Structure formats: C-alpha cells, structure tokens
Amino acid sequence: MSRDHVQSVERSAREAEPSPHAAEAPFLELLARGAAVDAYEEPVLLARAAAQPAARIAALEHAKLLALRVRSELEGRRRREAELSALFETAHDLAGLRDLDAVLPAIVQRARSLLGTDVAYLSLHDPARGDTYMRVTEGSVAARFQQLRLGMGEGLGGLVAQTARPYVTDDYFRDGRFQHTTTIDAGVQDEGLVAILGVPLMLGPHVIGVLFAADRRARVFEREQIALLGSFAALAAAAIDTANLLTETRSALAGLERANEIIQDRSAVIERASDIHDRLAELVLRGGGVHDVAAAVAEVLDGTVEFTESADTPALEASRAEGHAVRHGTDWIAAVTAGGELLGALVLRGHPHLDPVDQRTLERAAMVTSLLLLARRSAAEAEQRVRGELLDDLLDARDRDARLLRERATRLHADLDATHVVLAARLDAPAADADQEAAARRRLWSAASHLAATRHGLAAARDGGTVLLLPLVRGDSVTDLARRTARHLGTAVHEAVTVGASAAVDDLAARPDVVAAAYVEARRCLDALRILGRTGDGAAADDFGFLGLLLAGDRDIAGFVDRTVGQVVAYDERRGTDLLHTLDAYFACGMSPARTKDELHVHVNTVAQRLERVGRLLGEDWQSPARVLEIQLALRLHRLSAA
C-alpha cells in the first residue's frame, strides 16, 4: 500500500461529514479503481486506529459489505461477458474449420482455455467396438492416459457416454459413483488428475463423444462452468458433424474425380505409346544417344529415367531373366541386354504403379538402348584401334613422314604439335589366373582409350600395361597429370593403377623418336614407384629427387640443382652471403656446429644463425637423411658446374 493512498484514505475518513453517504466515499473510490478484496478493509481499520465514533465505524462496515457485493456482481457480469464472448468466438472459429483433424484440437484447446483447467481432452464413440477412445488431449503428459479406451459405464467418461448426462467430481479416486477399472485408474493416476468434469457431445439423441476438463488438484466446478462447457460441447458436436459431412463429400468427389482420371489416363496412355514409338524411331534414324532415349521416355512417362551400367540388384537379374521391366520399391528397372550380355539398365524413378502399356514402353526403350550401345561400342573399338595404331607407329618410329602423322592425328582430333606427356600405366593387384589377368588388362586398355579420346590424346596396350600420350594443358604439371590419370583409371577399373610419366615433349610429328625415349623414361618412373611401394600413385622423374637424375632420359642436372639448393644460391647472390660455403663446411665436419665454426674461423653463434637461415630457405626437414643426401649431391653438382 502506498503512503499517498493511506494519507488519502485517512483524509477522507477525517474530513467526511457524518452523512449517510460519507462512509461510502472511500469504497466508491476502491470500486472505481478495481482494487483487490483486501483493500476494502483499509478504511475500517484506519477509522478504528483513529478512534472514530462507533456509529462511524458501523457505517463504514455497512458500506464495505455493500461495496463487496457490488464488486462481486460486477466481476460475475464481466466473467459471463467474457464467457459469452469466448463462446461466440469459438463458434466463429469452428465454423471456419473444415478438416476434422483441425476441428478436434481447436475444440479441446478452447475448452481448456475457457475453464482455465490443467488438462482438457476429448473422446469419440467407436461404433465397431462399442466404447469410446481418447482422440485429442491438451496439456496431457502421460502416454498411457493419451491411449485410454473407456467402455460404456466405465469411469466418469464411460458413464457420461452411457447416460448422455454431464458428470463432475472434485476427487475422482474417492468418488464411488463411477465404475473404477485398473486400466482407467492407472491412466488417470499417471496424469495426476483429481477434479474432472465431463459433458456429452450430442447429435440429436446420439452420443458421439465426451468433452472433458480436469485439474490436478481438488476443485469444485460451479454450475455456470458446467453449463458453459455443455454449451460449448453442443457447438463442438455440430462442428464435428459438419467436418464429417465435408469429409464424406470430399471423398465422394475424389472418387468421381478418380474415375474421370482413369478414363482420361487410358486415353493418354494410348497416345503416349504412339508418341514414344515415333520418338524412338526418330532417335535411331538421326543417330541419337542413350541419354536421348532416356530423356524421351522420361518426358512421355512423366518421370525421371536414368541409364546406369552398375545396378547390381535382384530386380535387375529378374528383369534380365524374364525379359520384362520389374518393379523395385518405388522404381522400375528394365535390363539392357545384347546376346545374353548385360550392358546396363534403364531405371524409372518414383513410379510405383506403372500402367502395363507404359511398362511395355520402358521395355521397348531398353531394347533401343541396347542397339545404340552396340553401335557405340563398335565405333569406339574402331577408334581405339586407330588411336592405338598411331601411337604404336610413334613408339616404334616406323612412319617418319611428319605430314602423314599430322593428318592421321587430325582425324582423331589430336594435335601432335602441342606439348605432350607419355604415361605408362599398369595394374598392381595380382590376378587369380591368366583369364582374369587378361580381362583386367582389357578393362585398363578400354578405360585408357576412353580417357585418351576425351582428352584428345592416344592410347595403346604395351608391355603388359597401357601407354598414353596426353596433351599437357597450360598451367598443369606433369606430376598432377600423372596422379590424376592414376586416380581416373583406378576408379574406372576398380583396382589400383600405377602411372609413371615422362618429361614434357614437343614437336612429335617432326621428331617421333622422342616418344619412344619418353616412354622408356615413363617406364623407369613406373618401376621406381612400384619398387618404393607407391602403388596406385602417379609420378614423374622430378618427384624422385636425385633418383630422378637416373630415371630421366635427358639427365636434367641443372634442374635438379635448382630444385634442391636453388633458393640458397639465389639468396647468396642477392645478399652477398656465403651460405653455400657454410653448408659445405657443415657437411664436411660431420654436421657438427662446433667443428664447423673452427673450419670457417667464425663464432659458433654465427654458424647457428646461418644454418637457421638455410632451414628457412630449404624447409624444416632439410636435415633429414633423405634430404641431406640430395643436398650434398646438389652441392657437388653445383661445384662441378661452376668449375
């Protein structure tokens, strides 16, 4: 209570004239403010504290009772007004709902809101089983309670459904009017409910369900609240009936629409069959591809059609054996075969229910696909043979006419004047027998030929492996090309493929002998990779450090020196330092900084600073055994070249 308010009430009590209306003034002020019930005691208490006359105190007591009565009446009217408003709003909301799954949650939610209870729920009558089952709950937390079924006469809800009358209890478990069952009592106990009010949902004389409002504490539901929930249940029953009628109407309309769709579909199927026949014939005549066939079938069947070469499923085997399209889950698979050989499959996605005419359309498309694949295979094999023959001629240097070499390469979309790399590829997994080894080599040659055709290069089978001649794109390195080729071929044949690469070669038409020399270098790199245990990898001579000098055909000594200690040489030339001489002395003294400083006649800190600078230039691992060997070799070669 604020100090200003106390002073205001005291002033009103002191200054008021002793008239019949003077005692009512402070209570009128409290009514106007909508004060709490406790505040109405203040004027009486203040009057007694001020020792006012007994008549004055009696008048205040009388005025207080009148004011509380008026306050109670006003609150009752406001509550009824709010309930009527909520009831009208509910009727309006339910009138706008058309789906039973939306109507029922709205009913329960509004019932709980209207009565201010912890839980509200609704059960519907099941004519087939003769009981009621829990349909929707609001505020419930117990799973067993949400799945209850109440037989006629069982529990409070069963009694409401049986008698079509509302029932209320302020303490369910102590109320003997209801038939308590173990299942129902366990569900109510799980939910923790104590006070329950249930009213029937009526359609004419029939009970279609029960609407409940319940609290987890003892509570007396007033008559007005029971009547309010009953009125709300009447609206809810009408809304449920409307939703059911609309659902039945929709179902009937859907049935009519479905019948009409079936008639239209049969007509459309015949049109599609004719359309796909014309399209497939046109594709074959104009030399279309496999993906063109898939696209045409997808458009006609209104779905997604894919051609796959690796659909290893029981459905594919069944389609291959039966010669028909087979359903696989929500898809359809049609095997693409030729002379008993499985070439792949056409897969129609997302069509679990396929019309027989459309099924035959998919099968016809698979047959056309097999013809196109056989034609493509024949053309590819012919082109592969031609590419292999040209590369064989370059390797064996039989045909040295540059003009003829260029013409043959141009017909294969290859450019012998561009920079190329020779790559030697070989499978590393041991074969179980000679037949499997031959089949693996054929797969490798086929994959290499395909790669060469897409990269405008050449490929041929040689020395138990495959040799490729691929152009080197600007910005690409020989090592990157070798590793990329190893990954590509390994993925294609599903086995590890090791690839050795030569240095880049130019002017192949005028100097075809360089191809043979480059192949020898690529073979050396391939053998080095296998000896070092780097199977499945790709590399060139530059990747092997000083071993590259032995592997490379042109012995690029200057390049090796530059790659190994070139940064130290450049640093000495720019700064006028003597890091190379320090490195020579360091290695000559057994990599001992103490002996190195005596050799150079400098302080040991100077040696340490120079070696630290060398480490920043050559990398942190420059003193590892492998790097030390390369660096010492490069230093000696540098001295020899300088001399």
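Predicted model only: the values in this text are computed from it and were never measured.
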Under 3.5 Å donor-acceptor, His180 side chain and Asp175 backbone: yes
Under 3.5 Å donor-acceptor, Thr181 side chain and Ile184 backbone: yes
Thr117 side chain vs Asp215 backbone, donor-acceptor pair below 3.5 Å: no
Plane angle bin for Tyr167 and Phe178 - parallel if under 30°, tilted between 30 and 60°, otherwise perpendicular: perpendicular
Check ion pair Glu61-Arg48 (N to O, under 4.0 angstrom): yes
Side-chain (Thr242) to main-chain (Ala238) donor-acceptor, under 3.5 angstrom: yes
Salt bridge present between Arg217 and Asp170 (N-O < 4.0 angstrom): no
Listed once per pair and sorted, the salt bridge (Lys or Arg N to Asp or Glu O under 4.0 Å) pairs that draw on residues 191-204, sequence neighbours left out: Glu191-Arg216
Side chain to side chain contact (heavy atoms under 4.5 Å, CB included) partners for Asp126, two or more places apart: Ala128, Arg129, Asp131, Tyr133, Arg149
Validation row: Leu124, Leu104 side chains within 4.5 angstrom (heavy atoms): yes
Heavy-atom donor-acceptor pair, Ser231 side chain to Ala227 backbone, under 3.5 Å: yes
Main-chain N/O of Glu222 paired with Gln225 side-chain donor or acceptor, under 3.5 Å: yes
Residue that, paired with Val199, satisfies side chain to side chain contact (heavy atoms under 4.5 Å, CB included) out of Val168, Leu229, Val210: Leu229
